[in-house]
Amino acid sequence: MITIVTATITEIITGNGSASLAAIAIAILLCLLALRELASGLDDERARRLRTTLTLSSIPLLVVFLAEVLVRIVGILRGI
Amino acid sequence: MGLVTGEIVQPATTRFRRLVWVYPLLLVIEELLISNGYPQAGLLLLGLVLFLCALHTAFSSDRDVQRFVLALTLVPSIRIVSITLPLIQLPQVSWYPLIAMVVLFYAWIIANTLRLSPGDLGLSSGNLFLQIMLGLGGISIGSLVAWMIAPAPLLGSVASPVFWAIVACMLLLVGFDEEFIFRGLLQSTALPVLGRFGIPFVALLFTILHAGFHLVGYLLLVLLTALLFGYIVRWSGSLLGVALARGLINVILLLGIPFIPADMMLMLSAGSALLGLIALGWLGVQQRKRAARISEQQL
């Protein structure tokens, strides 16, 4: 019962599609944030719950986004 | 609601409660897509699962369902983080703690949002001696899994300067992280919604995230271990033993196997299996006494 990230992580991270995966993750983040903004226009209990869940769900994606930006910046600085 | 109670009360089933069974189905499809070379499609499906979770929480008026589905967002998030964090330039051995830290951070936010107490999450030592015995039982499970899947070791030598730091990290962070999420957060929120099906449901989710190995025997072992860990946490009220066991399993699988001689491994496994079985028997007796006490009080 190996750690659950192991099952897929090695072949995915070392594979060719890792850049497109980051792009998809950022697109999902943008969709969640856009839906959150749409929900904030409504003023009932359901919309409030929807907003809360969408905000929380976007946290891991936000971390991925920030890590991607950091890696790009480091890459650019190394190139200078 | 604490983890330790006499018996699990079966809640009334509603449409929104039954809907939670859709998530394992979607996650099976996602894991199959990812492990069969379609990670982009799998990732899109994970995004859809997150969106469905948000809708489910919004439209269900049942507070227990809202709490459980919010906790369920952890499952797709684990997979999203593990396949999209840009880790390629770092050594593989550092991926596990980095992913574990991000996921643990998110789990901590969810636990705070749901206002779960340390008792709800199993964050107590319980009977320390019993928990350590249960934890050591992980060595035997680790060697059984190693025999089944024979994973490649992460480090080539014990003399590596980071070896012991990684052992400590696997033991303390990676094992605890996943047990905190599955046996702590998810299990404590699943029980009020699914009653006696709560522990099997969480064990099923845990097994689905191992589907990438494509080995039926291994998946069956994961399911049985997840069920066992679920009931251990339920009966003992502590995550300590199962977190230690998970840490030891990871250490044996990813770091230890090539450096431990086969005959020594066999002795260690037999000893730890014996310890684990004694601890389980002890826990069973304690649980039976507790159940008898509760039924006496009810009479």
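Labels below follow one simple rule: chain letters A, B, ... track the order of the sequence lines, proteins then strands, and each chain is numbered from 1.
For a heavy-atom cut-off of 4.5 Å, chain B lies close to R46(A), R49(A), L50(A) in residues 43-50 of chain A.
Using a 4.5 Å cut-off between heavy atoms, L61(A) contacts chain B through its side chain alone, with no backbone atom that close. For a residue to count as touching a neighbouring chain, one of its non-hydrogen atoms must lie under 4.5 Å from one of that chain's; by this rule V64(A) touches chain B with backbone and side chain alike. For T207(B), no part lies under 4.5 angstrom from a heavy atom of chain A. Interface residue L56(A): backbone and side-chain heavy atoms are both found under 4.5 Å from chain B.
Pairing each heavy atom of L70(B) with each of T53(A), the nearest pair is CD1-CG2, 3.8 Å. Minimum interatomic distance between A67(A) and L85(B) (heavy atoms only, all atoms of both residues): CB-CD2, 3.8 Å. Closest of all the heavy-atom pairs between L43(B) and A25(A) is CD2-N, 3.9 Å. The two residues Y106(B) and S57(A) have their closest heavy-atom pair at OH-CA, 3.5 Å.
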Less than 3.5 Å apart, which donor and acceptor atoms pair up between the side chains of residues 45-56 of chain B and the rest of the protein, not counting sequence neighbours?
{"residue": "H56(B)", "atom": "ND1", "partner": "Y23(B)", "partner atom": "OH", "Å": "2.8"}
{"residue": "H56(B)", "atom": "NE2", "partner": "F16(B)", "partner atom": "O", "Å": "3.0"}

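Within the model, atoms CD1 of I110(B) and CD1 of I59(A) stand 7.0 Å from one another, a figure rounded to the nearest 0.5 Å.
Of the listed residues (L32(A), T52(A), L35(A), V74(A)), the greatest number of heavy-atom pairs within a distance under 4.5 Å of chain B belongs to L35(A). The greatest number of non-hydrogen atom pairs below 4.5 Å with chain A, out of T57(B), L44(B), T73(B), is found for T57(B).
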